[in-house]
Amino acid sequence: MKKLLIIALMLTGFCGFAQDDVEVKGNTVTMRETAPIWPGCESADDKKECWNKNFMDHVKQNYKYPKNEKGEYIRGKATVSMEITEKGNVVVTKVEGDNPKVNAAAKKMIMSIPKMTPGKLAGKPRAIKYTIPLTF
């Protein structure tokens, strides 16, 4: 009876600490990483395509072109480095570009991205970093 109890506890322990999306073959451990999911793309067949489409729609709808002193719209390029946190929030870490007004507008637009389902590594939420070049 004592041996049966020990075996049952060991089996429960192994099952309780098992990790999702981890595969072990010999000396190789493979962990699957899952990208963040845009709201509304949870049931999509191609989540990456859905994410790209929704991101482009977000840029089209939310980017406000800044104006110069003459009232003309400013165009330019900006490279935005961002991170989608373990909680699904977007944090801009760096914006690089030639024009500070374009950089500020790009940062404001990226910060307005809705909260997402966070990315995962081995079934556990983790922050995922992106660097996105934008031309306006």
Side-chain angles (χ1 to χ4, degrees):
M1 184 68 177
K2 194 175 190 180
K3 289 182 183 180
L4 185 61
L5 180 62
I6 291 173
I7 292 172
L9 288 174
M10 287 179 63
L11 184 60
T12 304
F14 290 138
C15 292
F17 292 110
Q19 293 181 353
D20 295 336
D21 301 324
V22 176
E23 184 179 321
V24 179
K25 286 186 180 177
N27 291 336
T28 306
V29 177
T30 306
M31 293 187 283
R32 193 172 83 188
E33 183 176 70
T34 306
I37 301 171
W38 195 280
C41 292
E42 294 85 6
S43 61
D45 292 332
D46 189 356
K47 290 177 177 50
K48 183 177 180 180
E49 182 180 325
C50 185
W51 197 95
N52 289 336
K53 180 187 175 303
N54 283 315
F55 178 76
M56 290 308 297
D57 289 343
H58 178 78
V59 170
K60 290 175 188 174
Q61 294 172 1
N62 294 296
Y63 184 76
K64 306 289 186 232
Y65 283 92
K67 294 182 181 182
N68 62 13
E69 298 79 29
K70 298 176 186 176
E72 300 167 335
Y73 291 109
I74 302 173
R75 299 186 185 278
K77 295 181 180 182
T79 302
V80 179
S81 297
M82 68 178 197
E83 181 176 300
I84 300 173
T85 65
E86 294 90 355
K87 295 183 180 182
N89 299 318
V90 176
V91 176
V92 174
T93 54
K94 183 169 55 169
V95 180
E96 296 177 333
D98 295 335
N99 192 310
K101 289 184 179 182
V102 172
N103 294 349
K107 181 177 181 177
K108 183 177 178 183
M109 183 264 308
I110 293 291
M111 292 299 294
S112 68
I113 289 176
K115 186 174 181 175
M116 297 187 210
T117 302
K120 295 180 181 181
L121 179 64
K124 297 177 182 167
R126 85 170 272 215
I128 306 288
K129 295 180 181 180
Y130 289 95
T131 301
I132 302 171
L134 300 167
T135 302
F136 303 107

For residues Ala105 and Lys64, report the shortest heavy-atom separation together with the two atoms involved.
-> CB-O, 3.7 Å
Where do Pro118 and Gly88 come nearest, in terms of heavy atoms and distance?
->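 Heavy atoms of Pro118 and Gly88 come nearest at CB-N, 4.0 Å.
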Can you list the residues that meet the side-chain contact (heavy atoms from CB on, under 4.5 Å) rule with [X], with sequence neighbours excluded?
{"X": "Asp45", "result": "none"}
{"X": "Asn89", "result": "Thr85, Lys87, Lys115"}
{"X": "Val92", "result": "Val80, Val95, Lys107, Ile110, Met111"}
{"X": "Asn68", "result": "Lys70, Glu72, Ile74"}

Tell me every residue that passes side chain to side chain donor-acceptor pair (under 3.5 Å) with [X], counting only those two or more places apart in sequence or in another chain.
{"X": "Lys101", "answer": "none"}
{"X": "Ser112", "answer": "His58"}
{"X": "Arg75", "answer": "none"}
{"X": "Glu86", "answer": "none"}

From [atom1] ([X]) to [atom2] ([Y]), nearest 0.5 Å:
{"X": "Glu33", "Y": "Leu121", "atom1": "CD", "atom2": "CG", "result": "6.0 Å"}
{"X": "Trp38", "Y": "Ile84", "atom1": "CH2", "atom2": "CD1", "result": "8.0 Å"}
{"X": "Ile113", "Y": "Met82", "atom1": "CD1", "atom2": "CE", "result": "4.5 Å"}

So among Ile37, Thr117, Thr34, which one has a side-chain contact (heavy atoms from CB on, under 4.5 Å) with Lys47?
->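 Looking at Ile37, Thr117, Thr34, the match for Lys47 under the side-chain contact (heavy atoms from CB on, under 4.5 Å) is Ile37.
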Just by modelled atom types, is the Ser81 backbone N or O under 3.5 Å from a matching donor or acceptor in the Thr93 side chain?
->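 At least one qualifying donor-acceptor pair exists.
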ring-ring contact (aromatic ring centres under 6.0 Å, His included) pairs, two or more places apart, involving residues 109-136 = Trp51-Tyr130, Tyr63-Phe136
Pairs touching residues 105-124 that satisfy ring-ring contact (aromatic ring centres under 6.0 Å, His included), sequence neighbours left out =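 Found none.
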In terms of heavy-atom contacts, does CG of Asp46 have more than 12 from other residues, nucleotides or ligands at under 6.0 Å?
->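 Enclosed.
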Check whether Val91 and Met109 end up in the same hydrophobic cluster, where Ile, Leu, Val, Met, Phe, Trp and Tyr are linked by side-chain heavy atoms less than 4.5 Å apart.
-> no
Can you sort out the partners of Glu83 under salt bridge (Lys or Arg N to Asp or Glu O under 4.0 Å), two or more places apart, ordered by chain and number?
-> none
Can you tell me which residue pairs pass the salt bridge (Lys or Arg N to Asp or Glu O under 4.0 Å) test with a partner in residues 48-60, sequence neighbours excluded?
->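 Qualifying pairs, neighbours excluded: Lys53-Asp57.
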